[in-house]
Number of protein chains: 2
Amino acid sequence: MRRWNGWGDDSIHYAINADALSFLQARIGQGLPQADAALDHVCQQVPESRLPVHPLVDTDALGRVRHTLGQSLPDWLKMRFGKISHFPDGVAYPESAGDVRSLLDYATLHNIALIPYGGGTSVVGHLAVTGSEQPVLSVDMSRMSQLLNLDKEAQLATFGAGVFGPDLEAQLRAHGYTLGHFPQSFEYSTLGGWVVTRSSGQQSLRYGRIEQLLAGARVETPAGRLDIQTFPASAAGLDLREMLLGSEGRMGIVTEVTVRITALPACEEFHAVFFPDWDAAQTAVRSIAQGKLGLSMLRLSNATETLTSLTLAGHNKLIGLLESYLRLRGCDEGKCVLLIGASGEKSQVRHAVKSALKMTGQHQGVHIGKTMGEKWKQGRFRNVYLRNSAWQQGYAIDTVETACDWPKVKTMMLSMEQAGQNAMATENEQVHAYTHLSHLYGQGASVYSTFVYRLTGDYEHDYARWRRLKSAVSAAIVANGGTISHQHGVGSDHAPYLEAEKGSLGISGMRHLFKHFDPQGIMNPGKLLPVEDVKQ
Amino acid sequence: MRRWNGWGDDSIHYAINADALSFLQARIGQGLPQADAALDHVCQQVPESRLPVHPLVDTDALGRVRHTLGQSLPDWLKMRFGKISHFPDGVAYPESAGDVRSLLDYATLHNIALIPYGGGTSVVGHLAVTGSEQPVLSVDMSRMSQLLNLDKEAQLATFGAGVFGPDLEAQLRAHGYTLGHFPQSFEYSTLGGWVVTRSSGQQSLRYGRIEQLLAGARVETPAGRLDIQTFPASAAGLDLREMLLGSEGRMGIVTEVTVRITALPACEEFHAVFFPDWDAAQTAVRSIAQGKLGLSMLRLSNATETLTSLTLAGHNKLIGLLESYLRLRGCDEGKCVLLIGASGEKSQVRHAVKSALKMTGQHQGVHIGKTMGEKWKQGRFRNVYLRNSAWQQGYAIDTVETACDWPKVKTMMLSMEQAGQNAMATENEQVHAYTHLSHLYGQGASVYSTFVYRLTGDYEHDYARWRRLKSAVSAAIVANGGTISHQHGVGSDHAPYLEAEKGSLGISGMRHLFKHFDPQGIMNPGKLLPVEDVKQ
C-alpha cells in the first residue's frame, strides 16, 4: 500500500548500507532518528468537512489525510511530525468527463476550491491546502486510467489522464509501443500530472519532454470543455496545448490525454564513462549534446555525486578494483561519471554510442562499459526510496533543480551547493551537497542538486532549516539566470520566484488567461502564480 | 529591386521551358496573358494619409503601395489589376526598440492600427488593410537586422527581428554556424515574421520548426515590454514563447529574437528515390519518419507533381533516359519521387542515408543517387519565381497546405486536389493540381497542394475563381481533420476556419490573451481571429 507519509509502497525498503552510513556520518554527523506521528492520530485531527453533500464526494478522514500533501520536504515534515494545519474537505474520484463536469458545476455553485490530484508526487506544493474560508475538494483522477484509443498508424495513444506511469507503459507494451517518459517519479505519477507540470523523463533526449509527447487533450474548465485536436504540427495561431502545459490545475481538469508513442526499441544500452574532472566532463557532454548524435540519455554527476553513488552502491571490492583502474587512467579524486544511453535499432544504437564515445575519448573520458549503466537502469526508480531510509536514520534529503544556458552551468552548480551549505552554516550544521546534470541540450543543461542534512526532531526547527536552505538555493538560481524549475513545476514553493523570469507582464498574461477559463478562481487557487493583491 | 507586384527581385527571371508550357496548355488550355497595372498608376490612387505627423512616419505614396499587400493570389490580383481598395496611411521604419515604443505610444494616443511588416511574403493576408475609420500604419522592421549577440558556448544568436533569411545565414556563416531555417520564402522573409507566423523550414527534420529554434525574444506590446528569457527548457508555468509564436502581430511588435544555432554541417546530401506508386511511397516515408533516423529532410511528391517537376526541369534527353531506367525498375506512370536530405558529420550522414535507403528499398523504392537532389537544392528558392513566369503566360498558381495525422493523409491529398478541380468545373475550366508532403513527422505529414489554372483577365472574375477554389479546398481541409495551416499562418484568409480546430473556448482564450497585451486593439486588428461580434 502507498505510504501515507513517505515515498512509494510500504512493502518496499532499500536500506542504506553500513559504509554509506559511515560516509554520511563522517560528513555531516550522526543522525537523530525519531518516531513518526501515527496515521490514526493524524486522522483524529481532521476537522468536520465544510462541503455540501454530493454523491461523488467522500469526506472520510483517512481519504482526506491521504490527499492533503505531496512529497516535498515540508510536506514530509508536516506528515511525519503530525503538524498538518489544513486538510481538504473531501475527495472525489470521478470516473468520467461527466463526473468531472458535475464536480465543476458543484464547485462553481458553492464556491469550492478544486485541487486536481494525480499521483500525489509533487515536490513543490502543488497540492497544498491553504487555509481560507473557501472549502476545498481534492479531485483524485486515478479512476480515469483506461487506454481509450490506440492509433498505430499515427503512433498516437489516448489515455484517461489519471493513468500511472507503469500502467501506461504496460498497456502500450502489450501492443509493442512505449511512451518513453520516465521521470524519477514514474512509478507513482500520472500522465495528467506530467502534462500540467511540464514533466521531463530521463530519456527525453530521444523521446522529448512531455511538451513534445503531448498531441492532444480534453480539458474540462469552469468555462466549458476544451478539446485540443491532434495535428503533427500547425501554424494556426497560438498552440492550445501550451495553455494546458504547466497550468498546474489553474485552467481546469484534464480528463483525456493523447500522446505520441514510439515502437519499443529493439535495442537499448547505457554506458558509463569517467572523466578526471568536471571541466573535461562538461566540455565533453556539451559537444555531444550539440552534435545531435541521436542518443536517448546523458547524465553527468559531479565529483561528490560520483563518490556518493559509488559508496551507496556497496560492493566495496568491485568498486575498489574499478577505482584502481580509473586511477591508472588518470581519474582520481575529482572524477565525474557520465551515463550515456542509446535506444532504437541496433545499428542506430551502435552508431550513436560509437560517436559519443569518440567524443568522450577526445576529452580524457575513460569508458568502463555497460555494467554500471545497466545497474543504474535497474535502480532508476529506487533512489527516491532512499529518502525513506535516510529519514529513518535522522537525515533529510532535499533536491532543488533548474536549467540554464551553458556559460552559466558550472557557476550555477557551485552557487547552488554553496548556498545550501551556507544556509546551514549559521547553525554550524554540515550539508552534504552534490549535483548532476540530468537533461542536456545544445543550449544548456538542467542542474539538479541534492542536499542531505540532519533533522533536529523539532518540527519548527526543521521547517525553518528547510525554508532557509530552499530560499538560499532558489535565490542562487535566480541570481545566476536559471529557471526556477526545469522539471518539478512551480506549485506553492516556487511561486515567489516566478516573476523574476516571466516579468510582471508575463505573470499578468498567465493570470489573465487562467481567468478566462476559470472566472471565479476555483481551480487550484494560490498555486503557480503569486497570490494576487486584493486591491487589484 | 523587389518587384512591387510579384515575387522577388525584378532582375531575376526563370522562364518556363517550351515543353513545360505545352504540357500546361495540353492540361488546362492556352493561357491569356494580360498587361499589368503600372506602379505609377497605382500610386496615383493612394488617398491622403489620415495619420497625424510623427517623425518616424513616412506617408509618401510609393512606400505605402509597397507595404499594402503580401504575396497571396488575391494580393497579386489586386496589384496586377490595380484594384487596391485600401492602403496603409503611412510606413515607419524603426531602428530601435525605443522607436517601436514611440510608435506604440503614438498609435495608442491616436487610435491607429499597427501592422508589423517583415518581408511582406505572407500568402494568407497578414498585411491586409481593412477599410475602417481607424488610420493604419505599417511598421517595417527591416532596419532592425543586426546580429546583436553571439553566444558560441550556448549556441545562441540574437538578431534584430527584421533580419532577412540570407542576411541572417551570412552573419552566422561567418562564425561557422547556421540556423538551418529554410522556408521557401527564405530569401525575402524575416526572422520576426517566421516567429509570429510559426514558420517551418525545408530541413526542419534536423533543425526543428521555428518553435524549436526560438529561445528568447524582446516584444514591445501596447501594455509594456515583454522580455522572454532564454532557458534550454523549463517547467515554470506557461511558456511565454508560446504567447508570441503564431500571434501574427496581435500581441505586439517583436524587436529582438534569440535563436538556437548549430555548427555548419561538415557534410550535406540530398538523395532521390522513386516509388512505383503513392501507397508504397507513403508507407516508406512513414516508416522512415517514425524510425527517428536523424535525417534533415523528407519531401515526397505525388505522381502529378513528379511528372510536373520532371517536365519543368527541361533536359528532355536525360529525363528520357531516367524514365526508361525507372520503367525497367517498375516505376512508370504513377511514379512518385522522394527527396531525402541528411546533414551533419560525415559518419552521421552516411549512417542516416544508409538506414533510410534500406527502408525505401523495402518498399520498392529505386534510389537514383544525388544528382536530382542536388538540383533541387540549387533551385529550392527558385520555384516561387515560376509564379511570375506563369502569370506572364496567363496562368495563376496558388498553393494551399495543411497537416494531419497519418491515417488522414492520403484522403486529405485526394480531397484537396479534387475540391480545387471541382471548384472550377462549374465554369468548365481545368485545374492542374499536384501535391507533396513537405514535412514529415512520426504522427503525420504536411500536405501541400498546388493549383494551376487560367486567368480570365477580369479582376472580379479572377477574384471569384480564387475565392471559390480557396473556400472549397479549405473546407476539404476542415472536413478531413487537418489544421488550416501547417506553415503559412492564418492571417485574413484562414481566419474563418480557425474555430473549427480551436473551438470557441480556444478562440476566446486567444482573444483574451491578446487583449491583455493590447487592451485597445491597435495591433493588426482583424487578423488571425474571426472579427468579434460587436455585442460582445
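A, B, ... follow the sequence lines: proteins, then strands. Residue 1 opens every chain. Computed from heavy atoms alone, side chains included, the values below leave out hydrogens, waters and symmetry copies.
Taking a cutoff of 4.0 Å between a charged side-chain nitrogen and a carboxylate oxygen, Glu248(A) and Lys527(A) do not qualify as a salt bridge.
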> How far apart are the C-alpha atoms of Val219(A) and Arg225(A), what are their side-chain angles, what is the distance that settles it, and do they pass the side chain to side chain contact (heavy atoms under 4.5 Å, CB included) test?
Replying inline: CA-CA 6 Å; Val219(A) 193; Arg225(A) 171 179 292 179; over 6 Å; no
>> Set out, in order, the CA-CA distance, both residues' side-chain angles and the distance that settles side-chain hydrogen bond (donor to acceptor under 3.5 Å, both in side chains) for Glu401(B) and Ser438(B), then state yes or no.
In response: CA-CA 9 Å; Glu401(B) 45 85 41; Ser438(B) 58; over 6 Å; no
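Interface summary for chain B: among Pro407(A), Gly224(A), Gly503(A), Gly444(A), the most heavy-atom pairs under 4.5 angstrom belong to Pro407(A). Annotation: maximal heavy-atom pairing with chain A below 4.5 Å, among Leu156(B), Asp151(B), Val124(B), Thr197(B), occurs at Leu156(B). Interface summary for chain B: among Gln290(A), Glu153(A), Arg198(A), Glu501(A), the most heavy-atom pairs under 4.5 angstrom belong to Glu153(A). Taking chain A as the reference chain and counting heavy-atom pairs below 4.5 Å, the highest number among Thr230(B), Leu498(B), Leu529(B) is found for Thr230(B). Across Ala215(A), Gly294(A), Cys404(A), the residue that shares the most heavy-atom pairs under 4.5 angstrom with chain B is Cys404(A). Comparing Ala403(B), Ala289(B), Gly237(B), Ser199(B) by how many heavy-atom pairs each has under 4.5 Å with chain A, the most go to Gly237(B). The most heavy-atom pairs under 4.5 Å with chain B, out of Leu226(A), Leu505(A), Leu513(A), come from Leu505(A). Here Phe231(B) is the residue among Trp406(B), Phe231(B), Tyr497(B) with the most heavy-atom pairs under 4.5 Å with chain A. With chain B as the partner, the residue from Gln487(A), Arg250(A), Arg286(A) showing the most heavy-atom pairs under 4.5 Å is Arg286(A). For the set Gly489(A), Ala233(A), Gly491(A), the count of heavy-atom pairs under 4.5 angstrom toward chain B peaks at Ala233(A). No other option in Ser200(B), Gly246(B), Ala235(B) has as many heavy-atom pairs under 4.5 Å with chain A as Ala235(B).
For chain B, the nearby part of His351(A) is the side chain; its heavy atoms alone come within less than 4.5 Å. Contacts between Ala352(A) and chain B at a heavy-atom distance below 4.5 Å are absent for every atom of the residue. In this structure, the portions of Ser234(A) lying under 4.5 Å from any heavy atom of chain B include both its backbone and its side chain. Contacts between Ala500(A) and chain B at a heavy-atom distance below 4.5 Å involve the backbone alone (N, CA, C, O). Phe517(A) touches chain B through its side chain: at least one heavy atom from C-beta onward sits under 4.5 Å away, while N, CA, C and O do not. Using a 4.5 Å cut-off between heavy atoms, Arg241(A) makes no contact with chain B at all. With a 4.5 angstrom heavy-atom cutoff, Ser504(A) does not touch chain B via any of its atoms.
The main-chain N or O of Leu238(A) is never found under 3.5 Å from a side-chain atom of Glu242(B) such that the two would form a donor-acceptor pair.
To the nearest 0.5 Å, the span separating CG on Leu245(B) from CD1 on Ile210(B) amounts to 8.0 Å. Atom NZ in Lys346(A) sits 7.5 Å away from atom CZ in Arg350(A) (nearest 0.5 Å). Between the CG atom of Leu150(A) and the OH atom of Tyr177(A) there is a distance of 6.5 Å, given to the nearest 0.5 Å.
Using the six-membered ring where Trp is involved, His486(A) and His439(A) have ring planes that are tilted, between 30° and 60° apart. Note on ring orientation: taking the six-membered ring where Trp is involved, the planes of His512(A) and His516(B) are tilted (angle from 30° to 60°).
With contacts defined as side-chain heavy-atom distances shorter than 4.5 Å, the pair Ser474(B)/Ile484(B) qualifies.
Within a 6.0 Å radius of CD in Glu499(B), other residues, nucleotides and ligands contribute more than 12 heavy atoms.
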